[in-house]
Participant: 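One structure, pasted below without further comment.
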Amino acid sequence: MTDTTQVETRLRDVIRGGRIVEPHHPWPRAVVSHEGWRQAMDLLSTGTCTLLGLWAEPEHVHMALNDEAHNELGVLSIVCEGKRFPSIGQAHPPANRLERAIRDLWALEPEGPADARPWLDHGKWTLPLSLEATRGTSRAQKNYAFLPAEGEGLHQIPVGPVHAGIIEPGHFRFTANGETVVRLEERLGYVHKGIESLMAGTSIERAAVLAGRVSGDSTVAYALAFARAFEAARGIEVPVRAVWLRALMAELERLANHFGDFGAICNDAAFAIMHAQCGHLREQVLRVADRCFGHRLMMDQVAPGGVRRDLPSDGRDLIRALVLESRRRFPELVELYDNTASLQDRTVGTGILSAALARQFGCGGYVGRASGRGFDARRAPGYPPYDALQFEVPVLEDGDVNARIWIRIREVEQSIALIEQILQQLPAGPIGSPVCKLLAPDVREGMALVEGFRGDILVWIKTGADGTIARCHLRDPSWFQWPLLEAAIEGNIVADFPLCNKSFNCSYSGHDL
């Protein structure tokens, strides 16, 4: 009798089938063949693994994957013979825009791509990002070819890239039948800053500053992800007190952003009083952050090896007073939202994102959790001190604007509780390690996954033998959220787009790099 039982292929099997690259920490990286790349494609298309990131170097394309069922992460790399690599996007749509960005920035061609249009290149470049890449002129079309939509009575509405108010640029092309949106297509890349190119060859200190400016509202999360990736690459031990202070700053950042978003979403439903009240709460967080860490956004306070500033003598009292005020005022605002029928009429059932799409795109943060995907990098793969803290990851199934609001509400409650725990358990001791003195003269690689207020932020870093940054890739959660906004708005009216858009609150700057 022949045994026809098939052994399930896992990420670890694909990694073992390749050539392991050392040193790469804390998760492995392997250079794989075309067959290994195809196996990884199968893991993605079947939902066995989640795509965490896709980026390039002059001769390689790298792909980070997460086997969530087994809490296993890893990076697969393929050599780009003839400046070409097998397209992942043709079988796994979340990779499409990342591949288009690789083509624009590194002049590496995906074979058989689902979408061959440029993405970050708006026709203004004369060189790709990499100086080692093939020199040539921009291949971007002068007039971007938006996808067509067919049917009777359809019309197009262009919005942006310049918007009313203080907001970053992005273009939205609506195809509508009357007031109903039939298709939305985004055009981003207007705030591309060349962050990764600016990092290459710079010192660790300069690169850390740049990392904290990828998306200013997530400066702590980005700085933490960069620091953890560098520390993993170099085997640097961070003082325990610094680890806890980092978490304190991260939760203050989360609190400020969720307060601001709650009010801003309600404001887009013409409920300005909530905007004002939540804006006041957010302002209190920013003022306390400034008093405790020397900057309203706590920019440049998290650094490789630890933190730059300790809590002042009155820091605990300032933060405890903030917590007390938040616990007193925020429930009143939640009750006001929950009991205002005109708000519920605008948010309930609006902009629904299906659970299937959230899972397929590995959508994190409040967007994913509002659609049933309970991923939180603080919990899995996890990192200290969250393994010593008690918190819940709120998850809802409805996937609408209302659900995204309630996830924020519950996360505010969790962050307040986490801040209280951190203050109670904050250990004494030093706040930094002498990073520069610990550098060995060799090439090392590291990766980190950190939970920002929008979702998981990935940073991959390669340090050079001279102690500088050879290559650094930073992936914002918005890469996997922006495409889903297009799906969520379909079937809604045009007037509800600002509401849906703000409930996602994707980052332009973080995405555009």
Side-chain angles (χ1 to χ4, degrees), residues 97 101 117-124 140 142-147 149 155-176 179-195 213-219 256-272 274-276 278-279 282 297 346-347 350-351 353 365-367 401 404-405 408 453-455 476-490 492-513:
R97 293 181 177 180
R117 294 174 297 170
W119 184 237
L120 295 178
D121 185 356
H122 284 236
K124 303 296 184 183
K142 184 176 181 181
N143 296 314
Y144 186 74
F146 287 95
L147 298 176
H155 63 282
Q156 288 194 341
I157 306 170
V159 177
V162 178
H163 303 283
I166 302 173
I167 184 173
E168 292 175 295
H171 182 81
F172 302 97
R173 182 66 59 94
F174 297 87
T175 301
E179 277 296 302
T180 302
V181 178
V182 175
R183 165 177 281 165
L184 166 65
E185 189 175 357
E186 301 154 354
R187 180 74 171 113
L188 303 175
Y190 294 92
V191 282
H192 176 68
K193 305 169 291 298
I195 289 285
R213 285 155 177 78
V214 173
S215 186
D217 55 10
S218 303
T219 182
N257 283 308
H258 283 341
F259 280 152
D261 279 1
F262 184 30
I265 296 170
C266 293
N267 190 56
D268 278 335
F271 201 69
M274 191 73 80
H275 192 212
C278 288
R282 179 177 183 272
L297 300 180
R346 294 294 306 279
T347 62
T350 300
L353 172 65
Y366 45 78
V367 178
V401 172
R404 290 187 281 276
I405 288 175
R408 286 176 167 92
F453 89 98
R454 282 190 181 90
D476 193 87
S478 301
W479 276 98
F480 299 125
Q481 294 169 348
W482 274 121
L484 298 181
L485 176 61
E486 296 181 348
I489 191 61
E490 286 187 12
N492 292 262
I493 62 173
V494 175
D496 278 340
F497 173 70
L499 196 61
C500 295
N501 187 23
K502 191 59 190 178
S503 74
F504 273 66
N505 191 21
C506 301
S507 173
Y508 296 85
S509 180
H511 168 279
D512 291 352
L513 285 171

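Predicted model only: the values in this text are computed from it and were never measured. Positions are given from 1 along the sequence.
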Participant: Taking all heavy atoms of Cys506 and all of Gln481, pick out the closest pair and write down the distance.
Facilitator: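 The answer is SG-CB, 3.7 Å.
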Participant: Arg213 versus Thr219: any side-chain heavy-atom pair under 4.5 Å?
Facilitator: no
Participant: Using a 4.5 Å cut-off on heavy atoms from C-beta on, say whether the side chain of Phe172 contacts that of Ile157.
Facilitator: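 No, their side chains stay 4.5 Å or more apart.
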Participant: Validate the cation-pi geometry between Arg408 and Tyr366: distance from NZ or CZ to the six-membered ring centre under 6.0 Å, angle to the ring axis within 45°.
Facilitator: yes
Participant: Between atom CD1 of Ile489 and atom OG1 of Thr180, what is the distance when rounded to the nearest 0.5 Å?
Facilitator: 10.5 Å
Participant: Nearest heavy-atom pair of Leu120 and His511: which atoms, and what distance?
Facilitator: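 Heavy atoms of Leu120 and His511 come nearest at CD2-CE1, 4.2 Å.
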Participant: Is any side-chain heavy atom of Phe497 closer than 4.5 Å to a side-chain heavy atom of Val181?
Facilitator: no
Participant: Mind telling me whether Tyr508 and His163 have parallel, tilted or perpendicular rings, with 30° and 60° as the class edges?
Facilitator: tilted
Participant: Give, for atom CZ of Phe504 and atom CD1 of Ile265, the distance between the pair rounded to the nearest 0.5 Å.
Facilitator: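 Phe504 atom CZ to Ile265 atom CD1 measures 11.0 Å (nearest 0.5 Å).
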Participant: Which heavy-atom pair separates Cys500 from Thr350 by the least distance, and what is that distance?
Facilitator: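 What the structure gives for the nearest pair is SG-CG2, 3.8 Å.
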Participant: For Gly189 and Asp512, which heavy atoms make the closest approach, and how far apart are they?
Facilitator: N-OD1, 2.9 Å
Participant: What is the ring orientation for Tyr144 with Phe146, classed by angle as parallel under 30°, tilted 30 to 60°, or perpendicular over 60°?
Facilitator: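 If you compare the ring of Tyr144 with that of Phe146, the planes turn out perpendicular.
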Participant: What residue among Arg173, Arg97, Arg117 forms salt bridge (Lys or Arg N to Asp or Glu O under 4.0 Å) with Glu185?
Facilitator: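 With Glu185 as partner, Arg173, Arg97, Arg117 yield a single salt bridge (Lys or Arg N to Asp or Glu O under 4.0 Å), made by Arg117.
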Participant: Does the plane of the ring in His258 sit parallel, tilted or perpendicular to the ring in Phe453? Use 30° and 60° as the thresholds.
Facilitator: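 Perpendicular: the ring planes of His258 and Phe453 meet at over 60°.
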Participant: Any carboxylate oxygen within less than 4.0 angstrom of a Lys/Arg side-chain nitrogen, looking at Asp217 and Arg454?
Facilitator: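 Salt bridge: yes.
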Participant: For Glu490, which residues count as a salt bridge (Lys or Arg N to Asp or Glu O under 4.0 Å) partner, sequence neighbours excluded?
Facilitator: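 Partners of Glu490 by the salt bridge (Lys or Arg N to Asp or Glu O under 4.0 Å) criterion come out as none, since no residue qualifies.
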Participant: Ignoring hydrogens, what is the shortest heavy-atom contact between Trp479 and Gly510? Give both atom names and the distance.
Facilitator: NE1-O, 4.2 Å
Participant: Quick one, Arg404 and Leu353 - any side-chain contact, counting heavy atoms below 4.5 Å?
Facilitator: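 When only atoms from C-beta onward are counted, Leu353 and Arg404 do touch, with a gap below 4.5 Å.
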Participant: Does any pair with a residue in residues 492-502 pass side-chain hydrogen bond (donor to acceptor under 3.5 Å, both in side chains), and if so which ones, sequence neighbours excluded?
Facilitator: Arg346-Asp496
